[in-house]
Amino acid sequence: MRRMTARPANAHQARLLKLLRDGGPNSRAQLGDQVDLSRSKLAVEVDRLLETGLAVADGLAASRGGRRSHNIRLNPGLRFLGVDIGATSVDVAVTNAELEILGHINQPMDVREGPVAVFEQVLSMAAKLRASGLAEGFDGAGIGVPGPVRFPEGVPVAPPIMPGWDGFPVREALSQDLGCPVMVDNDVNLMALGEQHAGVARTVHDFLVVKIGTGIGCGIVVGGGVYRGTTGSAGDIGHIQAVPEGRPCACGNRGCLEAHFSGAALARDALEAAQQGRSAELASRLETGGALSAADVAAAAAAGDATALDLIREGGNRTGQVIAGLVSFFNPGLVVIGGGVTGLGHTLLAAIRTQVYRQSLPLATGNLPIVLGELGPTAGVIGAARLISDHLFSPA
């Protein structure tokens, strides 16, 4: 398999590559408007990028007076693999250098089966994308996992919902299997990168992304970059106590937000409501399907089921209380709600907003949008591709 061997030689070249990634083809003059370089120095750096093959000439640019220059774009043959591993499913996508998705596969998967089984499935999905003609090989891969990651080494650390993953060398193992550089991060950090690159957070520099899926996590973006904390565990808000002496949590504590509201907790509460006769709609769905999920609660709520609506509002209130604390502490410019449970829609969003606007100071919430993510299941794979491109488009 081929791999991208060239890297930018300096910070100027790295900046130019990221401008071309984020803005698409540009003329030399347009690039000059965005970087603090003299025309001669810009010409030298662009020519060096063309020599490496990382960028290519791409037709004549529109005239700005005088001789027309060529547009410059990233090499259209570059391919990145984005992998977003959730608790119950996995998304794998191939993108071009501008992080446009060329092919995307989603399959059910249980992360509790362990890293060997999960990565066999990931490699099979990547091979399927290669076989479709979208990529001869991959120049780099970004991987998201649903748990804390020691970022420099790309190693999961004691992830509560991922038995068998603690200390597994994800970055090293997949780099060998794929034949390209690999970067690994927490899945919600990648969701934040995806929404920043192509979603609702494109123009915001300080924001939070709260992912509500099987568990709950938070991506923190400060000054345009992901904040991971000293050991990579920043944003693990699912284990903030929401209910004193509440339900036992998988982490070993009691009353964690995740134990009271997440995809898994909601499914458990819905099952209890159906079995106790508090919801005819949920009981009917249980009889038909044999089990209940957050999607069943969303469907029951859409049908006007009062118990389902109450479950969503109660969970939204608890989540909103935790987010209100984050807003008071961090003062973000935007809060994005994403993940599988966002199928609960505006009932959930309204409950979260109510708590945040009620509990946080007006100075922090006066111009604070709290919105659903735009990208849905593609946020994580776009963020994964963004992660590896950030790495490869930086000086070696």
Side-chain angles (χ1 to χ4, degrees), residues 86-89 146 187-188 191-192 194-195 199-201 207-219 235-240 242-243 246-247 255-274 278-279 281-282 285 292-327 332 334-360 365 368-380:
T88 58
S89 66
D187 60 347
V188 71
M191 177 178 279
E195 291 290 349
V200 72
F207 64 95
L208 301 173
V209 173
V210 178
K211 180 178 182 180
I212 310 173
T214 302
I216 296 185
C218 180
D236 201 3
I237 67 168
H239 300 288
I240 291 176
V243 181
R247 292 173 174 166
C256 295
L257 174 61
E258 196 171 288
H260 286 271
F261 185 65
S262 60
L266 191 60
R268 184 183 59 234
D269 290 344
L271 178 63
E272 185 180 279
R278 290 187 282 123
S279 168
E281 182 73 26
L282 290 173
R285 288 181 163 273
L292 290 172
S293 67
D296 291 305
V297 179
D305 184 84
T307 299
L309 287 164
D310 284 345
L311 289 175
I312 295 169
R313 289 191 189 109
E314 184 181 357
N317 287 339
R318 285 188 170 134
T319 305
Q321 287 169 5
V322 170
I323 294 175
L326 304 180
V327 167
L334 173 70
V335 176
V336 182
I337 309 296
V341 174
T342 52
L344 304 175
H346 289 279
T347 303
L348 173 66
L349 195 61
I352 290 173
R353 283 173 171 162
T354 297
Q355 290 299 320
V356 174
Y357 295 149
R358 180 184 295 159
Q359 294 188 30
S360 295
T365 60
L368 176 65
I370 302 174
V371 301
L372 297 176
E374 280 185 354
L375 301 178
T378 64

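Atom set for the values below is all heavy atoms of this structure, side chains included, hydrogens, waters and symmetry mates excluded.
Between Ile352 and Ile323 there is a side-chain heavy-atom pair separated by less than 4.5 Å. Side-chain contact between Arg318 and Glu314: present, with at least one pair of heavy atoms (C-beta onward) separated by less than 4.5 Å. Within the 4.5 Å cutoff, the side chain of Pro146 has no heavy atoms near those of the Thr214 side chain. The shortest side-chain heavy-atom distance between Phe261 and Leu348 falls under the 4.5 Å cut-off.
In this structure, Glu258 contributes its side chain and His239 its backbone to no donor-acceptor pair below 3.5 Å. Under a 3.5 Å cut-off, the side chain of Arg268 and the backbone N or O of Ala259 do form a donor-acceptor pair. Using a distance-only test at 3.5 Å, with no hydrogens or angles considered, a donor-acceptor pair links the side chain of Glu195 to the main chain of Glu374. Remark: the backbone N or O of Gln355 is not paired with any side-chain donor or acceptor of Gln321 at under 3.5 angstrom. Between the side chain of Ser89 and the backbone N or O of Gly86, no donor-acceptor pair lies under 3.5 Å.
The SG atom of Cys256 sits 12.0 Å away from atom CZ of Arg247, with the distance rounded to the nearest 0.5 Å. One finds the CG atom of Leu208 at 9.0 Å from the CD1 atom of Ile337 (value rounded to the nearest 0.5 Å). Distance check, rounded to the nearest 0.5 Å: CZ of Arg358 to OG1 of Thr365 gives 12.5 Å. Atom CG of Asp269 is separated from atom CG of Leu292 by 11.0 Å, given to the nearest 0.5 angstrom. For the atom pair Asp296 CG and Asp305 CG, the distance stands at 11.5 Å (nearest 0.5 Å). The CG atom of Leu257 lies 8.0 Å from the OG atom of Ser262; values are rounded to the nearest 0.5 Å.
Of all the heavy atoms in Ser360 and Ala324, the pair that sits closest is OG-O, 2.9 Å. Listed here is the closest heavy atom pair of Val297 and Ile312: CG1-CG1, 3.9 Å. Across every non-hydrogen atom of Val188 and Gly217, the tightest pair is CG2-O, 3.8 Å. Closest heavy-atom contact between Pro332 and Val335: CG-CG2, 4.1 Å. For the residue pair Arg285 and Ala300, the shortest heavy atom distance occurs at NE-N, 4.3 Å. Here the closest non-hydrogen pair linking Ala273 and Leu282 is CB-CD1, 4.4 Å.
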